[in-house]
Amino acid sequence: MTAIAPSRVPPSAGPASPAPPSLVLPSPVPDPSSPPHGRPRGRTALLRTTPMRIRALTIAAILAMAGLFAVTAVTFQNARDGMQVIGHDAGPQVVATSDLYFALSDMDAQIANALLIGPERDLSGARQAALDRYEQRRSEANRAILQAAKLAGEDATEQRTVQAVLDGLGQYERLAGQAVLLDTESRHAPGPPPQKVTSVYREATDLMKLDLLPKAYNLTLDSGTTVRHSYEDQHAAISSGQGWVLLNGLVVILILAGLQGYLAARFRRLISPAIALAALGTCALVIASVALLSAEGRQMTKVKERGFDSVLALSRARAISNSAYADESRYLLDPGRADTYEQVYLEKSQALLFVPAGSLDTYYRVLDDALDRRGGSRKADFLGFYGEAARGVSLPGERRAVDDLLLSYLSFQRSDRRMRELVSDGKRRDAIEIRTGGVPGGEDFERYDEALTALIALHRDAFSSAVSDADHRLRRWDLVLPCSVILIAALVVAGVRPRLAEFR
């Protein structure tokens, strides 16, 4: 028999039994502080976390505040540098060099006075006073030359000019001494000395007028240029610095606003008091810095224009006045050049106070009318140094000082008119007494010079006061600025620290 292999019985076709339920594990909750699975822990990935975003915004705010501090500090340093140059270094030295012109011109004026008076016993006191004043001015000129040498620094051109003035001054002193010695030996009466004395004096005064005084004035102009350039550069730097301070302050405030907004959205807090205070502090710091820089800019302008420029201009006017006063002595001393000295005197008078006039007689008349009318109308309808002074009154007490100056200048010109009329009438001795103060009215120039000196002193005081005020504000801000920035940074850190602590 054939064996029959057992057939494979198929599974029953009955209903399938249900499969056991599969084990389903819940998805892990991602850690907010962990990077996504499978992504590199790079810098970009790190900024995707909340703590790193907070830290990044905090660092950005602190760096922006550091930038604000740097820009503000540099701008204030520009203000400090400008004030240092104008108020402490070059400015006072320029004023000192302007005194060189006055000292030199007065030296020549006193030699002319001594020669005009002569060795006569009746006027020997006046002659000795002129020689003593000559020695005083010579000492002042030497000090002014030293100041000019300091100001010249490494400038080769200015150094050569200073050396030329020093050499020329030595040559002038030799000629002046020779003229005085010859005059003493001549024993002439008051009035023009002998021709040999006049010849030596002509050589000396020509050296002074044509060589020394122009070089001295050039020194003042060159030094004044240094001050002007420094003022323009630093004032422009302050103006641009205010814009940079505003821009950096805006950046800090925007970053703080972004940080505040992120914290509010992430942690559902409306406001962080510390960061809000930091933003308000930044606004206050920026506003105060810009306001103070603006005030420093105005103060620098005041120091430059109402202080330095005015003192320099009035000092120049005083030197011209003294030179014109010396032309009176030269007019009496040297009849051969009397017409020349009279014309030069008119030119110098026009530089001081200009009114339309082609001769001294016309000048006297128009001047009387201009100043008399000004006494009632307060209108300075004339030009020159004193026209600028009369129109630019701004300091307390300056109006009265200018009025006193103008009235004393008018008296001086009237005295000059009387002197020339006496010479025309052949009364040279009486004219000399007016010139040397030997009769009433002969001291008009001294009173005029005192009024001018008082006005200069007023502007010097304003100059010094403005510089002192500016220095005081800058020194105070040297402490306020860093302390304010540190406090604002501390507030920012204090504002984010509690939020970062929640992730620990």
Side-chain angles (χ1 to χ4, degrees), residues 29-36 39 41-80 238 240-296 472-504:
V29 179
D31 183 0
S33 62
S34 302
R39 295 188 181 181
R41 292 177 174 269
R43 183 178 302 175
T44 304
L46 290 176
L47 291 179
R48 293 178 182 273
T49 68
T50 297
M52 293 308 299
R53 289 174 180 173
I54 294 175
R55 292 190 181 97
L57 286 172
T58 302
I59 292 173
I62 292 176
L63 290 177
M65 281 185 286
L68 174 62
F69 171 77
V71 168
T72 306
V74 168
T75 307
F76 275 106
Q77 186 60 45
N78 290 330
R80 187 178 291 103
I238 292 174
S240 63
Q242 293 179 59
W244 284 107
V245 170
L246 285 172
L247 179 61
N248 279 263
L250 179 62
V251 171
V252 173
I253 293 171
L254 289 176
I255 294 175
L256 292 177
L259 178 58
Q260 176 69 70
Y262 182 74
L263 293 178
R266 181 65 181 83
F267 296 92
R268 291 181 174 83
R269 297 175 183 270
L270 293 179
I271 190 169
S272 173
I275 296 177
L277 285 176
L280 291 176
T282 302
C283 290
L285 179 63
V286 170
I287 293 173
S289 298
V290 171
L292 183 57
L293 287 171
S294 179
E296 286 298 309
H472 177 71
R473 284 196 297 266
L474 290 173
R475 283 194 301 268
R476 183 176 56 189
W477 202 248
D478 287 343
L479 180 63
V480 172
L481 178 60
C483 290
S484 299
V485 172
I486 292 173
L487 178 60
I488 293 171
L491 287 172
V492 174
V493 173
V496 301
R497 187 174 180 179
R499 306 289 76 79
L500 293 175
E502 296 180 13
F503 291 90
R504 295 176 183 173

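Only this structure's heavy atoms are used, side chains among them; waters, hydrogens and symmetry mates stay out. Along the sequence shown, residues carry numbers from 1.
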Only pairs under 3.5 Å count here: list side-chain donor-acceptor contacts from residues 63-71, not counting sequence neighbours, and write none if there are none.
none

Open item on the list: Would the distance check show the side chain of Ser289 and the main-chain N or O of Leu285 forming a donor-acceptor pair, the cut-off being under 3.5 Å?
Closed with: yes

Open item on the list: How long is the straight-line distance from CD of Gln242 back to OG1 of Thr72, given to the nearest 0.5 Å?
Closed with: 11.0 Å

TODO: Could you tell me which non-hydrogen atom of Ile275 sits nearest to which non-hydrogen atom of Leu256, and how far apart they are?
DONE: CG2-O, 3.9 Å

I'd like a table of donor-acceptor pairs (distance under 3.5 Å, sequence neighbours excluded) in which one partner is a side-chain atom from residues 276-284, with atom names and distances.
residue : atom : partner : partner atom : Å
Thr282  : OG1  : Ala278  : O            : 2.8

Task: Passing candidate, side-chain contact (heavy atoms from CB on, under 4.5 Å) with Ile255, options Val251, Val252, Ile253 - done: Val251

Task: Distance, nearest 0.5 Å, that separates CD1 of Ile287 from CG of Leu292 - done: 13.5 Å

- [ ] Output the distance between atom CD1 (Ile62) and atom CG (Leu57), rounded to the nearest 0.5 Å.
- [x] 11.5 Å

